[in-house]
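What follows is one structure encoded as structure tokens, with my remarks underneath.
Heavy atoms only: backbone and side chains are in, while hydrogens, waters and symmetry mates are out. Treat the numbers as computed from the prediction; the structure is a model and nothing was measured.
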Amino acid sequence: MLRSSTLTQSVTVTCVRHSHRQWHQSIPVNYRFCDAARNGLSSNSAIFKWKRKSNCKRNSCGMGTFTTRALAQPLSNADELIDSVETFIFDCDGVIWKGDKLIGGVPETLDMLRSKGKRLVFVTNNSTKSRKQYGKKFESLGLNVSEEEIFASSFAAAAYLKSIDFPKDKKVYVIGEDGILKELELAGYQYLGGPEDGGKKIELKPGFLMEHDEDVGAVVVGFDRYFNYYKIQYGTLCIRENPGCLFIATNRDAVTHLTDAQEWAGGGSMVGALSGSTQREPLVVGKPSTFMMDYLANEFGISKSQICMVGDRLDTDILFGQNGGCKTLLVLSGVTTLPMLQSPNNAIQPDFYTNKISDFLSLKAAAV
């Protein structure tokens with residue numbers, strides 16, 4: 001059985017309670033933070049802000065004790081990792097492709113894992129496409145991936161609304177693209193906004209009052225290339241003035257790969273605008289929130305200890321896997337570089353790291 005060489009040490013820092021009830025309630029119960037950084041600790045102390053509430057134990061002096069991970073180990077024996085799990089969850093951007101370009105060796109790697117009887121699941125925070133649309137993208141890249149194996153944050157938003165029995169007579173205002181609209185429609189929810197509002201403008205005149213639909217019970221914010229001031233104001237009015245209106249984010253990714261030439265501002269920039277105007281934090285349904293991991297485990301009957309999460313981002317993919325109790329493998333083919341991983345300011349350490357997933361084909365036991 002594979003064992004990561006993870007040692008633990010206890011570090012004591014102040015764990016501050018949040019007084020803002022709305023902020024605290026907006027985060028899923030199993031993913032609330034002991035956010036030291038927001039409460040005056042130094043930037044070096046901010047490494048603890050990702051720890052789950054269950055990892056923060058308060059002693060009689062009001063201090064919290066955190067368990068931190070040892071440095072990640074380079075993957076030297078791929079067969080041992082493969083044999084130790086039943087399911088591989090792959091991020092997409094930076095792992096399978098970059099922009100519209102397939103990363104080398106991916107088809108052969110996926111075929112090898114399937115031949116060994118491994119379940120493959122693909123999870124992306126990109127909400128611009130629905131599961132069906134992502135299926136077509138996989139097909140266009142020459143990959144045989146079924147719709148049931150794909151979980152995008154657009155689907156997660158609709159699945160979350162279903163999980164809380166969101167009333168069908170309420171509407172959803174969407175700041176995002178077609179993927180969210182299609183998933184909401186499939187789930188049977190009424191929606192407005194989306195790309196249709198991309199061309200709308202506000203003409204500020206003396207005494208102008210912007211109207212909004214009082215039946216909107218949730219605002220869903222995802223990556224939106226048609227983001228504008230109209231959407232900010234409309235979403236803000238719904239969240240602030242409609243009683244009980246939910247503020248849901250598909251993800252808070254800082255950057256995304258629209259092309260393989262450079263990084264582009266991610267969905268987190270749109271979410272940040274609404275968070276700033278409403279003074280509320282969103283409920284995040286994409287990585288690193290545990291909602292999608294719990295959904296996957298229930299959907300497939302997967303034991304989380306038998307899952308390996310493979311991703312290129314520390315604060316979404318790797319944290320997603322760690323929050324779910326999975327093994328984690330960082331690939332350096334996307335956002336995270338080796339210096340970023342090994343920086344003393346980085347507290348998110350995967351079990352293993354390697355250059356790209358095709359290393360599964362070459363890193364054999366003989367290499368140890």
Side-chain angles (χ1 to χ4, degrees), residues 87-103 106 110 119-141 143-160 176-184 186 220-225 248-260 263-268 270-271 284-296 299-300 307-321 323-324 326 328-331 333-336 356-357:
T87 300
F88 283 90
I89 298 179
F90 292 100
D91 176 48
C92 296
D93 271 341
V95 178
I96 305 299
W97 59 65
K98 291 187 78 170
D100 290 321
K101 185 177 181 181
L102 192 66
I103 294 174
V106 167
L110 300 184
R119 178 189 285 109
L120 306 184
V121 180
F122 302 87
V123 176
T124 175
N125 265 357
N126 191 325
S127 62
T128 60
K129 295 181 177 64
S130 64
R131 297 172 85 180
K132 186 173 184 178
Q133 289 171 317
Y134 269 112
K136 292 180 179 178
K137 177 165 184 174
F138 277 100
E139 184 180 356
S140 71
L141 294 172
L143 300 175
N144 184 22
V145 175
S146 69
E147 185 178 326
E148 290 71 28
E149 294 174 315
I150 303 168
F151 290 85
S153 62
S154 53
F155 172 80
Y160 176 76
E177 300 193 13
D178 195 45
I180 299 174
L181 304 186
K182 288 187 178 300
E183 294 293 356
L184 289 174
L186 287 172
V220 175
V221 184
F223 180 78
D224 190 344
R225 285 169 289 191
I248 298 171
T250 60
N251 67 85
R252 300 195 79 161
D253 292 359
V255 296
T256 188
H257 290 120
L258 296 181
T259 69
D260 60 352
E263 292 178 349
W264 299 80
M270 294 83 189
V271 175
V284 182
V285 294
K287 299 174 291 185
S289 165
T290 59
F291 173 75
M292 276 207 288
M293 182 66 75
D294 293 339
Y295 186 94
L296 287 168
E299 181 78 4
F300 293 117
I307 297 173
C308 180
M309 176 65 210
V310 183
D312 69 312
R313 296 175 186 261
L314 294 167
D315 60 347
T316 54
D317 302 324
I318 301 306
L319 192 56
F320 176 64
N323 287 339
C326 308
T328 53
L329 172 66
L330 176 76
V331 290
S333 52
V335 170
T336 305
K356 53 189 181 301
I357 65 169

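- Note that the NZ atom of Lys137 and the CG atom of Leu102 stand 10.0 Å from one another [nearest 0.5 Å].
- In summary, of the residues considered (Thr336, Ile357, Asp317), a side chain to side chain contact (heavy atoms under 4.5 Å, CB included) with Asp312 occurs for Asp317 alone.
- No hydrogens or angles considered: a donor-acceptor pair under 3.5 Å links the side chains of Gln133 and Asp178.
- Shown here is Glu147, whose CD atom has more than 12 heavy atoms of other residues, nucleotides or ligands within 6.0 Å.
- With rounding to the nearest 0.5 angstrom, the CD1 atom of Ile150 is 10.0 Å from the OG1 atom of Thr124.
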List, one per line, each side-chain donor-acceptor pair under 3.5 Å for residues 87-95, sequence neighbours excluded.
| unit_1 | atom_1 | unit_2 | atom_2 | d |
| --- | --- | --- | --- | --- |
| Thr87 | OG1 | Arg119 | NH1 | 3.1 |
| Asp91 | OD1 | Lys287 | NZ | 2.7 |
| Asp93 | OD1 | Trp97 | NE1 | 2.5 |

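- In the displayed structure, Lys132 atom NZ is contacted under 6.0 Å by at most 12 heavy atoms of other residues, nucleotides or ligands.
- Taking the side chain as every heavy atom from C-beta outward, Ile103 and Val331 never approach each other to under 4.5 Å.
- For Leu110 against Leu143, the heavy-atom pair with the smallest separation is CD1-CD2, 4.3 Å.
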**Request:** Dump the intermediate steps for side-chain contact (heavy atoms from CB on, under 4.5 Å) on Asn144 and Phe138, then the final yes or no.
**Result:** CA-CA 7 Å; Asn144 184 22; Phe138 277 100; over 6 Å; no
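- In this structure, Phe320 has no ring pair (Phe, Tyr, Trp, His ring centres under 6.0 Å) partners at least two apart in sequence or on a different chain.
- A salt bridge links Arg225 and Glu177; the closest N-O separation between the charged side-chain nitrogens and carboxylate oxygens is under 4.0 Å.
- Contact between Met292 and Ala152 at its shortest, heavy atoms only, is SD-O, 4.2 Å.
- For Thr128 and Asn126, the side-chain atoms include at least one donor-acceptor pair closer than 3.5 Å.
- Checked against Asn125 for a side chain to side chain donor-acceptor pair (under 3.5 Å), the options Asn251, Asp253, Thr250 give a single hit: Asp253.
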**Request:** Show your working on side-chain contact (heavy atoms from CB on, under 4.5 Å) between Cys326 and Met293 and close with a plain yes or no.
**Result:** CA-CA 10 Å; Cys326 308; Met293 182 66 75; 3.5 Å; yes
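- Taken from CZ in Arg131 to OG in Ser146, the straight-line distance is 8.5 Å, to the nearest 0.5 Å.
- The ring pair (Phe, Tyr, Trp, His ring centres under 6.0 Å) search around Phe155 returns Phe151, Tyr295, not counting sequence neighbours.
- Note that the OG atom of Ser130 and the CG atom of Leu186 stand 7.0 Å from one another [nearest 0.5 Å].
- Taking both residues in full, the closest heavy atoms of Glu183 and Ser154 are given as CB-O, 3.6 Å, listed atom of the first, atom of the second, then distance.
- Separation of atoms OG1 (Thr328) and CE (Met309) is listed at 9.5 Å; rounding is to 0.5 Å.
- Atom CD of Glu149 is separated from atom CG of Leu120 by 6.0 Å, given to the nearest 0.5 angstrom.
- Ring centers of Phe122 and Tyr134: at least 6.0 Å apart, outside the cut-off.
- When every heavy atom of Cys308 is checked against every heavy atom of Leu329, the shortest pair comes out as SG-CB, 4.1 Å.
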